[in-house]
K.L.:
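This structure is in structure tokens; I'll ask about it shortly.
These values consider heavy atoms only, across backbone and side chains, with no hydrogens, waters or symmetry-generated copies. One-based numbering, in listed order, for ligands and for the atoms of each.
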Amino acid sequence: MYQYRLYPSQKQEKRLFNTFNICKNIYNELLELSISVYKENDVTLNRYDFNKLLTGLHPEVFSQVKQNIGDRVHKAFQNFFRRCKDPSSKKKGFPRFKSRINSITYSQSGFKFPSDKRLYASKIGNIPIVLHRIPYGTVKTLTIKRNRVGQWFAIFACEVAVKPVKNTSKKEIGIDVGITSFATTSDGVFVDNPRYLVKAEKRLKLLGRRLSRKKKGSKNRRKSKRLLARQHLKVGNQRLDFLHKLSHELTKNNKILAVEDLNIKGMLHNHHFAKHISDASWNAFVSMLEYKAVISGSTLVKVNPRNTSKTCSNCGAVADMPLKQREYQCNVCGFVCHRDLNASINILKIGQDLPESNACGHDVRPSFLKAVVVEAGTILDNS
Ligand SMILES: [Zn+2]
């Protein structure tokens with residue numbers, strides 16, 4: 001994906017808003033129709049049904065953009081069926097109607113570059129664009145998006161042939177994601193949320209409190225809202241930057257990376273866990289590790305998080321570990337270790353036993369593991 005800033009003129013902006021609005025109506029109409037057809041005939045409409053319905057309607061919107069809206073409704077319905085089958089999902093209702101749509105997608109054609117400073121999008125015009133770098137590969141789709149602060153973007157999805165790379169590193173690592181430290185690795189590194197991010201998040205809370213004190217419908221409230229949206233954007237960008245750099249480092253320097261399967265983790269823990277803000281960034285972090293591992297030729301394995309914090313990484317004994325207890329103390333072998341570090345070592349051990357990690361040529365269990373344990377934890381009584 002390549003993302004570039006767009007600077008549409010007032011006229012173009014008006015056309016874009018109008019298109020968004022029509023697309024929202026199309027979305028809601030198609031959804032309503034799908035729901036009633038499903039309720040009455042137990043049939044789901046597919047993209048061909050939608051395309052047939054849409055031909056000739058709304059000539060001011062490019063045909064593929066309309067078809068893409070049909071695809072979105074179809075996808076929302078697929079998600080609805082998946083939720084129905086999933087016993088752990090709490091949301092069982094039909095897909096929701098939309099109050100607004102913030103992006104449109106040209107799926108194959110309808111866009112081109114008349115010059116290196118303009119993007120032509122059918123039915124919108126030649127929009128000024130800043131191509132700060134050249135996209136690689138074949139451009140497949142264009143999405144035009146507006147964020148909450150009012151900035152416009154063009155996002156190109158490109159298809160690139162990835163050359164298989166061999167990761168020359170021999171290191172294997174277990175990663176535990178947590179609340180006190182963002183991540184802890186089995187080689188004894190505690191990665192905290194960067195200071196600038198903590199500071200920016202604090203300001204986010206402050207701005208949120210300020211907004212809640214403003215009178216509804218007032219000019220000050222509107223101003224406050226804009227400031228809050230800007231801060232949200234800033235925090236989001238800073239967080240992404242942090243996650244990109246961290247996941248890049250880890251995948252570049254390790255041949256095998258083991259993480260907990262967050263899907264299972266979410267189910268194991270109570271609802272407090274799921275509600276935590278970090279949830280979203282852990283998910284983003286793991287998906288970054290996933291695709292960056294492919295690029296750098298390393299292997300990411302997801303392990304069942306069951307008992308990773310309760311097991312002694314030295315002798316394998318299992319003990320109860322309430323969340324507030326920050327240190328693992330083994331009653332069996334006397335091993336003492338930071339809670340998260342102990343968990344990350346367990347994650348690595350489980351990961352190494354999975355067939356996925358053995359498939360990629362890893363053969364010998366590294367001896368560094370034991371050394372790390374000794375260095376990071378303290379063995380009190382190893383009799
Ligand atoms: Zn032990």
Side-chain angles (χ1 to χ4, degrees), residues 169-193 246 250 253-270 272-274 276 278-279 282 285-286 289 298-360 362-383:
S169 167
K170 289 197 170 59
K171 281 167 73 183
E172 310 191 350
I173 208 169
I175 307 161
D176 176 65
V177 288
I179 293 166
T180 22
S181 278
F182 177 78
T184 308
T185 61
S186 55
D187 53 2
V189 179
F190 294 83
V191 185
D192 286 328
N193 281 313
L246 180 61
L250 288 168
N253 297 329
N254 295 284
K255 193 168 166 53
I256 290 175
L257 304 104
V259 290
E260 290 165 295
D261 192 327
L262 293 175
N263 288 328
I264 308 178
K265 190 165 183 166
M267 280 197 270
L268 281 181
H269 289 254
N270 55 22
H272 287 294
F273 179 85
H276 202 272
S278 303
D279 233 26
W282 292 335
F285 178 58
V286 172
L289 287 176
S298 45
T299 307
L300 179 79
V301 285
K302 293 182 183 174
V303 309
N304 189 329
R306 205 181 129 87
N307 284 349
T308 45
S309 27
K310 289 181 185 170
T311 307
C312 169
S313 59
N314 189 47
C315 74
V318 179
D320 215 23
M321 276 292 285
L323 242 182
K324 61 169 192 281
Q325 200 174 317
R326 299 311 307 162
E327 193 148 83
Y328 193 93
Q329 295 186 7
C330 182
N331 291 331
V332 180
C333 72
F335 176 68
V336 175
C337 181
H338 187 284
R339 179 201 177 90
D340 298 340
L341 180 59
N342 181 58
S344 67
I345 296 166
N346 286 326
I347 291 166
L348 175 62
K349 282 185 173 175
I350 304 168
Q352 285 170 329
D353 287 337
L354 291 176
E356 297 98 290
S357 57
N358 293 308
C360 66
H362 132 276
D363 34 25
V364 200
R365 181 70 50 89
S367 58
F368 85 95
L369 186 68
K370 199 81 184 169
V372 168
V373 176
V374 177
E375 195 188 331
T378 325
I379 294 173
L380 290 182
D381 177 18
N382 198 7
S383 47

K.L.:
Should L341 and Y328 count as side-chain neighbours, where that means a heavy-atom distance under 4.5 Å?
P.N.:
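No, their side chains stay 4.5 Å or more apart.
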K.L.:
Can you check whether L323 reaches R339 side chain to side chain, under 4.5 Å on heavy atoms?
P.N.:
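Yes - at least one pair of side-chain heavy atoms lies under 4.5 Å apart.
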K.L.:
Name all residues meeting the side chain to side chain contact (heavy atoms under 4.5 Å, CB included) criterion together with V191; count only those two or more places apart in sequence or in a different chain, and write none if there are none.
P.N.:
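Applying side chain to side chain contact (heavy atoms under 4.5 Å, CB included) to V191 gives A183, V189, F242, L246.
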K.L.:
Are S169 and N253 close enough, and set up right, to give a side chain to side chain donor-acceptor pair (under 3.5 Å), and what steps lead you there?
P.N.:
CA-CA 6 Å; S169 167; N253 297 329; over 6 Å; no
K.L.:
Mind listing the protein N/O/S atoms less than 2.8 Å away from the Zn ion (ligand 1)? Waters don't count.
P.N.:
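The answer is C312 SG, C315 SG, C330 SG, C333 SG.
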K.L.:
Can you confirm whether the side chains of N342 and S313 place a donor and an acceptor under 3.5 Å from each other?
P.N.:
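Checked: N342/S313 side chains pair up, N/O donor to acceptor below 3.5 Å.
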K.L.:
How long is the straight-line distance from CG of L250 back to NZ of K171, given to the nearest 0.5 Å?
P.N.:
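Nearest 0.5 Å value for the NZ-CG distance: 9.0 Å.
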